[in-house]
Q: 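Handing you a structure now.
Throughout, numbering of the chain's residues begins at 1 and tracks the sequence. The analysis underlying the following values was restricted to heavy atoms, covering all of them including side chains, and did not include hydrogens, waters or symmetry mates.
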Amino acid sequence: MRFDDRVTGNLKTYASNAKKIHIEIDPAEINKNVKVDVPLVGDLREVLHELLPKVESIGPQRVARLHRQAEGDAAVSRHPESA
């Protein structure tokens, strides 16, 4: 999902105290509307499968859920007609 006002509401006040990570397949979209702290360019599923083992401290159940979500997002992007 890209950062735009439909997702964030007021872009000037969106998560002003948060660290933002943006995973995006299109490098032109990084920092386009929202300044991010960690830009990651690549396919969401591939980036998450590489990133998640490095953040095991968030707990195994949450990591498993994020893996399932990454698989689901990839399935939707592979078969947009079924979304």
Q: Quick one: list whatever passes side-chain hydrogen bond (donor to acceptor under 3.5 Å, both in side chains) with K32, sequence neighbours left out.
A: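 Per chain and number, K32 pairs via side-chain hydrogen bond (donor to acceptor under 3.5 Å, both in side chains) with E29.
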Q: Minimum heavy-atom separation for L40 to I21, with atom names?
A: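 Minimum heavy-atom separation between L40 and I21: CD1-CG2, 3.8 Å.
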Q: Using side-chain heavy atoms (C-beta onward) and a distance below 4.5 Å, is H22 in contact with V34?
A: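 Heavy-atom side-chain distance check fails, nothing below 4.5 Å.
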Q: How long is the span from the CD atom in E24 to the CG atom in L44, to the nearest 0.5 Å?
A: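 E24 CD to L44 CG: 9.5 Å, rounded to 0.5 Å.
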Q: Please round to the nearest 0.5 Å and tell me the distance separating atom CD1 of I23 and atom CG of L48.
A: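 The CD1 atom of I23 sits 4.5 Å away from the CG atom of L48.
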Q: My understanding is that only residues two or more places apart in sequence, or in another chain, count here; which of them pass side chain to side chain contact (heavy atoms under 4.5 Å, CB included) with K35?
A: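 Once residues adjacent in sequence are excluded, the partners of K35 under the side chain to side chain contact (heavy atoms under 4.5 Å, CB included) criterion are N31.
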Q: How far apart are the closest heavy atoms of A18 and D37, and which atoms are they?
A: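 Looking at all heavy atoms of both residues, the closest pair is O-OD2, 3.7 Å.
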Q: Taking it one step at a time, do E46 and H49 satisfy side-chain contact (heavy atoms from CB on, under 4.5 Å)?
A: CA-CA 5 Å; E46 293 171 14; H49 283 295; 6.0 Å; no
